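Worksheet: one structure, shown below.
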Amino acid sequence: MNTPPLQVVPPQGPLLRAEHVTIEYAGAQGTVRATEDVSFDVHRGDRFVLLGPSGCGKSTLLKAVGGFSAPRAGSLRLGGKPITGPGPDRIVVFQEFDQLPPWKTVEANVMFPLLAGGVKKAEARERARHWLGKVGLARFADAYPHTLSGGMKARVAIARALAMQPDILLMDEPFAALDALTRRTMQEQLQSLWEEIGFTMLFVTHSIEEALVVGNRILLLSPHPGRVRAELNSHQFDLRSAGSAEFQAANERIHRLLFGDTPAQAPQPLAVGS
Ligand code: ADP
Ligand code: MG
């Protein structure tokens with residue numbers, strides 16, 4: 001029997017690395033510092049959450065990862081390469097689903113960025129149908145966006161993003177405008193899609209509960225300007241554990257870390273009962 005030769009595996013760094021990222025806006029009243037010295041690593045398959053109060057720079061960070069703006073200081077790298085602009089390896093899902101062009105059917109909406117990226121029409125259609133099926137919207141391929149509920153629009157946006165097969169899905173409070181029940185359903189669907197496909201996502205929210213349900217790791221950002229307060233492991237929590245005593249304790253602990261005045265050491269496990 002032949003023994004296969006030993007293979008040398010190249011070391012795999014994080015998929016996304018943010019190092020000492022400071023981002024500023026130039027305004028009429030001077031410079032606004034949105035984030036300060038923010039560092040984190042996102043590994044393949046992570047459901048990495050940026051959590052912090054409104055105005056702490058979450059969207060700013062996500063836009064910089066998307067390549068729509070450049071940090072004032074620090075660096076952002078994807079697969080080891082500096083991020084210098086937008087690219088199909090990073091797709092953003094926003095909260096404003098009305099960005100779906102209303103004159104295009106659901107299927108045409110999903111096909112559009114594929115076609116723009118040079119995918120042939122037949123393949124784009126096939127991929128659109130595949131991903132609409134995955135989010136449970138196969139029957140609505142020919143519908144127009146205005147006929148859909150908020151949750152269904154969110155699912156179209158997710159199908160459209162996943163059809164692009166990005167290295168990382170960037171989600172900016174995608175469910176914030178939905179009612180509580182629909183929001184829960186969407187979190188559930190996102191979780192089962194992740195279990196099925198195993199994509200990587202960077203998810204922004206100001207809801208502690210949503211962060212615990214959605215994320216396997218959570219980066220806590222201080223109020224304006226956003227600085228890292230702590231990084232937590234939260235893979236033990238999901239929708240099923242929401243409402244449990246452990247979940248409630250974690251929720252309260254995060255609240256203290258965010259708004260209390262004793263910053264924790266990062267990273268640390270969110271151990272039950274601690
Ligand atoms: P979050 O998404 O966490 O609510 P943002 O990233 O939107 O926070 O904003 C962070 C800070 O940067 C806020 O103080 C906000 O007012 C400021 N900011 C955001 N966008 C701009 C802009 N285009 N010009 C100037 N200041 C901005
Ligand atoms: Mg925001």
Side-chain angles (χ1 to χ4, degrees), residues 16-40 42 46-76 78 83-86 90-100 150 153-154 157-158 161 166 168-180 182-183 186-187 190 201-215 217-232 234 251 254-260 263 266:
L16 173 69
R17 169 160 278 182
E19 281 183 301
H20 307 295
V21 175
T22 294
I23 307 177
E24 291 176 348
Y25 292 101
Q29 272 88 40
T31 308
V32 176
R33 180 163 286 198
T35 73
E36 192 168 275
D37 196 23
V38 173
S39 300
F40 61 91
V42 179
D46 266 345
R47 290 166 284 129
F48 196 96
V49 174
L50 300 177
L51 171 67
S54 188
C56 77
K58 304 180 297 297
S59 295
T60 298
L61 274 168
L62 208 73
K63 280 179 204 150
V65 172
F68 299 103
S69 65
R72 170 83 177 73
S75 69
L76 288 165
L78 189 80
I83 291 172
T84 54
R90 287 151 289 141
I91 302 293
V92 193
V93 175
F94 297 102
Q95 183 189 131
E96 301 85 22
F97 303 113
D98 290 328
Q99 67 188 321
L100 298 173
K153 284 183 200 167
I158 291 169
I168 185 165
L169 194 59
L170 309 175
M171 305 189 89
D172 193 353
E173 312 226 24
F175 310 143
L178 304 174
D179 63 85
T182 309
R183 187 173 186 163
M186 287 309 306
Q187 291 164 348
L190 190 65
M201 69 175 166
L202 181 58
F203 190 105
V204 161
T205 183
H206 66 266
S207 155
I208 298 176
E209 212 174 287
E210 182 163 73
L212 283 169
V213 163
V214 166
R217 291 165 65 210
I218 306 176
L219 191 77
L220 270 53
L221 295 170
S222 71
H224 178 76
R227 299 189 190 92
V228 176
R229 273 274 158 90
E231 188 182 317
L232 306 166
S234 57
N251 190 324
I254 291 178
H255 195 275
R256 281 198 303 277
L257 287 169
L258 281 174
F259 302 106

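Everything quoted here is computed from the prediction, not taken from an experiment. Note that these values count all heavy atoms, side chains included, but never hydrogens, waters or copies made by symmetry. Remember, it's 1-based here, ligands and their atoms both numbered in the order they're listed. We number each residue from 1, following the sequence as shown.
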Subject >> Gly55, any N or O under 3.5 Å of ligand 1 N or O >> reply: yes
**OP:** Flag Ala34 as yes when one of its N or O atoms lies below 3.5 Å from any N or O atom of ligand 1, and as no otherwise.
**Re:** no
**OP:** Flag atom 25 (C) of ligand 1 as yes if some protein heavy-atom distance to it falls below 4.0 Å, otherwise no.
**Re:** yes
Original post:
In Å, rounded to the nearest 0.5 Å, how long is the span from CZ of Phe40 to CG of Leu76?
Top reply: 7.0 Å
Original post:
Tell me: protein heavy atom nearest atom 8 (O) of ligand 1, and distance?
Top reply: Gly57 N, 3.2 Å
**OP:** Within a distance under 4.0 Å of any heavy atom of Ser54, pick out the atoms of ligand 1 and give their elements.
**Re:** 4 (O)
Original post:
With a 4.5 Å heavy-atom cut-off, do Val228 and Leu221 have their side chains touching?
Top reply: yes
Original post:
Under the 4.0 Å line, does any protein heavy atom show up next to atom 3 (O) of ligand 1?
Top reply: yes
Original post:
Do the non-hydrogen side-chain atoms of Arg183 and Ser207 ever get within less than 4.5 Å of each other?
Top reply: yes
**OP:** State which residue, out of Leu16, Leu169, Ile83, Leu202, fulfils the side-chain contact (heavy atoms from CB on, under 4.5 Å) condition with Arg90.
**Re:** Ile83
**OP:** May I ask you to test the Leu190-Arg47 pair for a side-chain heavy-atom distance under 4.5 Å?
**Re:** no
Original post:
If you look at every heavy atom in Val93 and Ala161, which pair is closest and at what distance?
Top reply: CG2-CB, 3.6 Å
Can I get a per-line list of side-chain donor-acceptor pairs under 3.5 Å for residues 58-70, giving both atom names and the distance, sequence neighbours left out?
{"residue": "Lys58", "atom": "NZ", "partner": "Gly52", "partner atom": "O", "Å": "2.9"}
{"residue": "Lys58", "atom": "NZ", "partner": "Pro53", "partner atom": "O", "Å": "3.2"}
{"residue": "Ser59", "atom": "OG", "partner": "Asp172", "partner atom": "OD1", "Å": "3.3"}
{"residue": "Ser59", "atom": "OG", "partner": "Asp172", "partner atom": "OD2", "Å": "2.7"}
{"residue": "Thr60", "atom": "OG1", "partner": "Tyr25", "partner atom": "OH", "Å": "2.7"}

**OP:** State, without any angle test, whether Glu210 and Thr205 hold a side-chain donor-acceptor pair at a distance under 3.5 Å.
**Re:** yes
Original post:
In the protein, which heavy atom is nearest to atom 7 (O) of ligand 1, and how far is it?
Top reply: Ser59 CB, 3.8 Å
Original post:
Under 2.8 Å from the Mg ion (ligand 2), which protein atoms of type N, O or S occur, listed by chain and number?
Top reply: Ser59 OG
Original post:
With His255, which residues qualify under ring-ring contact (aromatic ring centres under 6.0 Å, His included), at least two apart?
Top reply: Phe259
Original post:
Counting heavy atoms only, which part of His224 comes closer than 4.0 Å to ligand 1: side chain, backbone, both or neither?
Top reply: side chain
Subject >> Validation row: Leu50, Val38 side chains within 4.5 angstrom (heavy atoms) >> reply: no
Original post:
When you measure from atom 19 (C) of ligand 1 to every protein heavy atom, which one gives the shortest distance, and what is it?
Top reply: Tyr25 CE1, 3.4 Å
**OP:** Could you list the residues that satisfy salt bridge (charged side-chain N to carboxylate O under 4.0 Å, His left out) with Glu36, not counting sequence neighbours?
**Re:** Arg33, Arg227
Original post:
Which residue from Thr35, Thr60, Leu62 reaches closest to atom 9 (O) of ligand 1 through any of its heavy atoms?
Top reply: Thr60
Subject >> ligand 1 contact by Gly52, heavy-atom criterion under 4.0 angstrom >> reply: no
